[in-house]
Amino acid sequence: MYCSPNMHIIQNALNNKIGDYMKYLTKSYEINRDIFKSDFKDCSDFLLREVIVSGRRGFFCTFDGLTDSLMLSHMITEPILRSNIETISPAEHFETIKKSVVGSVEMKEINTFEDCHFYIMSGFALFYLEGCLNALAMGVQGWSKRTTDEPTNEAMVKGAKECFVETLNDNKALLRKRLKTHHLKLKQIKLGESVSTCVVLAYIDNRVNFDSLNEIEKRLKSADLNTVSDYGCLEPFINSKVKSFFSAVGNTERPDVLASKLLEGRIGIIVDGTPFVMFTPYLFSDNFSSLDDYDNPPFYASFTRGLKYLAFFISVFLPAMYVAVGTFHQEMIPTTLLYVIASSEATTPFSLVLEAVIIHILYEIMREAGLRLPQTIGHAVSIIGAIVIGEAIVSAGIIGEPMLVTVALTAIASYVVYPLYESVAFLRILFILLAGVGGMYALIIGIGALGINICALGNLGVPYSAPISPLTFSSLGDTIIRRSWKNLSRRRVRIYDLEGSSVE
């Protein structure tokens with residue numbers, strides 16, 4: 001049986017893909033073609049077309065559904081196939097096609113199979129010419145994608161009605177549209193050992209702290225992950241090392257929010273495939289402000305911020321204070337109210353602390369069910385919850401009415417500061433248990449420990465509790481209250497002006 005001279009080389013390349021043949025493209029047309037066919041065997045969406053261009057063999061490869069067929073035909077395949085280039089060396093032939101024939105603007109010259117696989121699975125079309133050590137990847141992306149509709153998790157009354165989407169290039173364009181300056185940098189890196197994912201570091205080069213930027217990049221590249229499935233995979237690697245119920249990394253789905261954070265010198269982390277963008281350093285006071293504050297009059301914006309701080313206090317401490325006072329410190333309750341509470345609790349079989357824990361757990365179960373159920377039947381949870389908790393559980397004498405009122409008020413208040421909901425939900429039960437064990441004394445100790453933890457938390461040298469602790473007077477005008485734009489326009493404060501001696 002006849003064997004071509006290169007047959008044994010091709011077979012070795014296919015059988016030993018961890019060697020140089022798998023890493024780098026070769027000059028052999030057969031080796032490169034057969035490795036691609038072997039790698040994407042049984043992939044019905046993989047397309048490979050062999051062609052002859054000015055007497056030399058070559059091939060195009062791409063994935064069906066990831067590219068725009070019309071753009072691929074008009075900008076790449078047709079110009080290359082119609083080109084008539086005089087016989088020259090393969091390298092010169094390749095360079096001529098790259099510079100004079102192809103109409104694509106987005107173009108990468110690559111020489112490894114890993115990069116080839118990454119680009120064609122990112123919507124690029126790949127062209128290889130016989131005798132060359134490089135291939136040409138050209139951007140003709142054309143997959144279906146979600147439009148930049150109104151944000152669902154960060155609703156604004158007077159703000160912009162657009163949000164980030166799952167497509168990385170669209171997210172970069174949304175940010176670039178808002179920050180029309182050459183100082184905006186979007187540095188792209190690839191993360192993931194088994195499956196690579198594009199991650200973009202967004203920053204403004206004349207405002208960012210480059211030591212912090214290098215530290216974030218170092219932490220991301222040291223993340224030992226097989227793949228980055230969502231932004232939450234990366235958050236622990238760029239977060240503070242201090243153990244806390246709060247996070248020093250924020251996230252947003254609004255381009256205008258991220259733009260304002262970058263202008264303060266913060267660093268954005270955009271992950272391909274997710275509509276939420278992380279940014280750091282993140283402050284505790286960021287949870288209580290929104291872009292609507294800057295469209296409203298200063299007096300009203302300051303009023304709403306005060307309400308948010310009050311709602312946070314109510315959502316975390318109100319049930320615990322009710323349990324502590326009702327169990328250990330009844331003398332603090334007015335006589336009339338004490339009679340109401342006593343008459344209600346006399347018919348219930350559980351203690352106040354157990355009532356509070358049970359009702360909060362039931363509430364969290366119903367909330368989780370409402371989130372996970374299909375939208376068409378999600379309203380059923382609200383109806384059942386109103387019947388079971390609102391009427392039946394009280395009528396049956398399992399839970400007292402004052403406790404139900406306390407839990408309802410707490411639940412409403414917890415949604416006012418929604419970015420802190422996860423932390424609030426856990427802290428609320430923790431403080432209820434503390435209050436049930438030691439009353440107001442244990443509750444005060446717990447509040448002090450929480451304050452110490454908040455002050456100890458920080459990221460990249462910026463305290464999480466800034467500008468309140470350590471106190472920075474120049475930044476207080478936009479923390480608890482919101483001053484007028486005439487005063488804010490004179491401020492030139494960056495996030496790194498708040499640096500203190502916090503522990504990372």
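Below, all heavy atoms of this structure are taken into account, side chains as well, without hydrogens, waters or symmetry copies.
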Six-ring centre of Y119, K108 cation under 6.0 angstrom, axis tolerance 45°: no
Could you pull out all residues at least two apart from D211 that satisfy side-chain contact (heavy atoms from CB on, under 4.5 Å)? N209
Ring center gap for F36 and H117 short of 6.0 angstrom: yes
Among residues at least two apart in sequence or on other chains, which ones pass side chain to side chain donor-acceptor pair (under 3.5 Å) with Y415? Y363, R367
Which distance, rounded to the nearest 0.5 Å, do you find between the CG of L291 and the CG of N296? 11.0 Å
Less than 4.5 Å apart, side chain to side chain, heavy atoms only: is that true for F431 and L434? yes
Testing the 3.5 Å rule here: is there a donor-acceptor pair between the side chains of E109 and N134? yes
Should the pair E114-K190 be classified as a salt bridge under the 4.0 Å nitrogen-to-oxygen rule? no
Can you tell me if N239 and S247 form a side-chain donor-acceptor pair at under 3.5 Å? yes
On a heavy-atom basis, the closest approach of L191 and L220 is CD2-O, 3.5 Å
Do N287 and Y282 have side-chain N/O donor and acceptor atoms under 3.5 Å apart? yes
Dump the intermediate steps for side-chain contact (heavy atoms from CB on, under 4.5 Å) on S194 and T227, then the final yes or no. CA-CA 6 Å; S194 300; T227 183; 5.8 Å; no
Taking the six-membered ring for Trp, are the ring centroids of Y128 and F60 within less than 6.0 Å of each other? no
Between F426 and F245, does the ring centroid distance fall short of 6.0 Å? yes
Kindly assign one of parallel, tilted or perpendicular to the pair F246 and F312, based on the angle between their ring planes and the thresholds 30° and 60°. tilted
Verify whether one side chain among T197 and D272 offers a donor that lies under 3.5 Å from an acceptor in the other. no
Here the salt bridge (Lys or Arg N to Asp or Glu O under 4.0 Å) pairs for residues 243-257, sequence neighbours left out, are R254-D256
My understanding is that only residues two or more places apart in sequence, or in another chain, count here; which of them pass side-chain contact (heavy atoms from CB on, under 4.5 Å) with V277? F164, L258, I270
Using side chain to side chain donor-acceptor pair (under 3.5 Å) as the criterion, list what pairs up with E217, not counting sequence neighbours. K187, K221
Given side chains that start at C-beta, do those of F317 and R428 come closer than 4.5 Å, heavy atoms only? no
Looking only at non-hydrogen atoms, find the nearest pair between T406 and P319 and report the distance. CG2-CA, 4.0 Å
Going by side chain to side chain donor-acceptor pair (under 3.5 Å), name the pairs with one or both residues in residues 59-75, residues two or more places apart or in two chains. none
Taken to the nearest 0.5 Å, the spacing of L179 CG from L186 CG works out to 9.0 Å
Before accepting this row, confirm whether a basic side-chain N of the pair R266/D286 lies closer than 4.0 Å to the acidic partner's carboxylate O. yes
Measure the spacing between CG of L72 and CG of L47 and express it to the nearest 0.5 Å. 9.0 Å
Going from NE2 on H360 to CD1 on I365, what distance comes out if it is rounded to the nearest 0.5 angstrom? 13.0 Å
